[in-house]
Amino acid sequence: MKNNDKNKIIIFDTTLRDGEQSPGASLNTAQKIEIGRQLAKMKVDVIEAGFPICSPGDFEAVKLIAQEVKGPQICGLSRAIEKDIDACWNAVKYSKRPRIHIFLATSDIHLKHKLKMSREEALARAVSAVKYARRFCDNVEFSAEDAVRSNQEFLWQVVEAVIKAGAATVNIPDTVGYSIPAEFAVMLMNIFNKVPNVDKAVISVHCHNDLGLSVANSLAAVAAGVRQVECTINGLGERAGNASLEEIVMAIKTRKDLFNVHTDIETKEIYKTSRMVSTLTGIPVQPNKAIVGANAFAHEAGIHQHGVMAEKSTYEIMDAKSIGWQGSGLVLGKHSGRHALKQRLNSLGYTFKEKDLDKISERFKVLADKKKEIFDEDLVAIVEDEISQVIPVYKLDYIHTVSGSQTIPTATIRLRKGDKVIQEASSGDGPVDATYKAIDRITGLKCKLLEYGIRAVSGGQDAQGEVIVRIADAKGHVVTGQGASTDIIEASAKAYLNAVNRLLSPKAVKSK
Ligand code: KIV
Ligand code: ZN
């Protein structure tokens with residue numbers, strides 16, 4: 001689709017496709033729709049919802065997102081193969097604004113070792129695939145996979161040919177995250193100078209982060225004249241991930257003086273989107289992550305704190321509120337009523353049906369009994385726990401652990417499975433290990449703990465701990481889980497159970 005505003009950068013979000021290829025990320029269809037709706041609320045221009053030919057589950061998810069998510073263009077990925085394009089169209093056609101995204105590698109490394117094709121064959125395949133897709137819709141994107149390591153004269157030839165064949169967008173991916181900003185900018189300027197019909201399409205980039213340069217390369221490309229950037233929330237994606245949407249958008253906004261372009265992103269939705277994606281994928285955000293990390297707006301050094309108190313701009317280049325971060329405002333306590341809770345949730349951007357509010361209200365009361373002051377972050381943790389959408393096969397009923405320097409750590413766990421209550425005990429290397437072994441005894445699954453992370457959700461000694469785990473079952477299925485509680489052993493048990501429930505919920509499991 002033509003970009004009529006020459007200074008607008010089209011934000012193409014691929015969290016649900018490339019982001020979902022992150023090791024350990026597993027989203028079921030309901031979770032994908034939830035993220036799709038939030039991306040629409042944040043006003044991304046294009047949502048790449050998945051790779052429809054990949055599996056019936058992927059097809060269904062793309063189709064449902066096309067049916068249910070209004071606003072952005074809904075795009076599906078496809079190899080340059082007719083049956084892929086058919087599947088892609090059959091999934092995206094339900095959107096008011098469908099897009100077919102075709103990719104084919106153009107580098108000699110990929111052509112020789114992966115596709116076993118000559119350059120001439122690849123060129124012909126690219127052109128015929130774009131022409132085939134154009135039979136279905138005029139919004140066709142072509143990606144020259146591994147463009148950075150391709151012979152550049154050949155790449156120009158491909159770009160020219162696919163535009164002639166009808167591609168409205170041509171994407172130049174740094175598939176393996178190999179490029180350096182200055183080099184990437186020159187590469188794009190060459191495309192603008194050497195491809196005669198380049199003005200007939202939107203030129204896009206898609207940068208991977210293998211050298212930690214994906215955002216820098218994307219911004220160099222914007223400065224060189226590209227008008228679409230492909231990116232993901234929290235920088236999720238294959239291997240080291242993709243360029244992070246929030247970093248690109250805020251860099252463009254904060255340094256408007258330099259770039260002189262804009263996006264349509266509702267930046268106040270960024271923090272919420274980041275938290276939602278982290279909770280639903282189970283992939284935590286590192287505390288020092290730019291824009292959305294827990295420390296992104298925290299000032300530790302006294303000299304910095306003093307400066308910020310005197311004048312924010314001494315050490316802050318962005319207002320935390322511009323990304324929707326509310327800070328640790330003291331909001332509610334034990335005596336706050338349901339109405340106050342509802343109002344506070346609304347002001348944080350969450351709206352709920354009455355029955356869902358009941359569940360949140362119950363959890364709020366339990367927390368308020370344990371914790372004097374409840375912060376916004378505590379509420380967000382409860383809400384995200386509730387919306388994580390995993391069907392709970394097992395529910396935690398009771399936990400008791402014993403540990404100490406002179407004691408063998410033991411855990412007694414009681415779980416509910418439907419009407420059944422099952423209890424087991426185990427010892428372990430520590431209380432968490434004992435807890436996980438006791439849970440394994442009940443479920444019969446022998447899970448391997450791959451990663452365990454814990455953070456304090458808000459400040460103070462009575463802060464809730466949020467635990468995120470990554471586990472694998474005996475067949476190598478990898479899933480993540482999250483749990484929060486004022487008791488970190490209970491949070492650990494909840495996170496593990498959340499992951500186990502994902503393993504037992506077929507739609508949520510992803511084989512690697
Ligand atoms: O990294 C890549 O090249 C891709 C393409 C499919 C755009 O993800
Ligand atoms: Zn990619």
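One-based numbering, in listed order, for ligands and for the atoms of each.
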Check each N or O atom of ligand 1 against all protein N or O atoms and list the pairs under 3.5 Å, with atom names and distances to 0.1 Å, one per line.
residue, atom, partner, partner atom, Å
ligand 1, 1 (O), H206, NE2, 3.2
ligand 1, 1 (O), H208, NE2, 3.0
ligand 1, 3 (O), T175, OG1, 2.7
ligand 1, 8 (O), R17, NH1, 3.4
ligand 1, 8 (O), R17, NH2, 2.9
ligand 1, 8 (O), D18, OD2, 3.1
ligand 1, 8 (O), H206, NE2, 3.1

task = Decide whether Q152 and N190 meet the rule of one side-chain donor and one side-chain acceptor closer than 3.5 Å.
result = no
* Asked: Taking atom types as modelled and ignoring hydrogens, do the side chains of E269 and T273 form a donor-acceptor contact shorter than 3.5 angstrom?
  -> no
Residues 270-280 vs salt bridge (charged side-chain N to carboxylate O under 4.0 Å, His left out), sequence neighbours excluded, gives R275-E384, R275-E466
With sequence neighbours left out, the residues meeting side-chain contact (heavy atoms from CB on, under 4.5 Å) with A129 are A80, I85, I102
Under 2.8 Å from the Zn ion (ligand 2), the protein N, O or S atoms found are D18 OD2, H206 NE2, H208 NE2
- Does any non-hydrogen side-chain atom of I11 lie less than 4.5 Å from one of C231? yes
All heavy atoms of V176 vs all of R239, minimum pair found to be CA-NH2, 3.4 Å
### Query
Should the ring pair H208 and H206 be called parallel, tilted or perpendicular, given that the plane angle runs from 0 to 90° and is split at 30 and 60?
tilted
| field | Close side-chain approach of N7 and F259, heavy atoms under 4.5 Å | value | no
message: Could you tell me if D146 and T175 have a donor-acceptor pair between their side chains, going purely by distance under 3.5 Å?
response: no
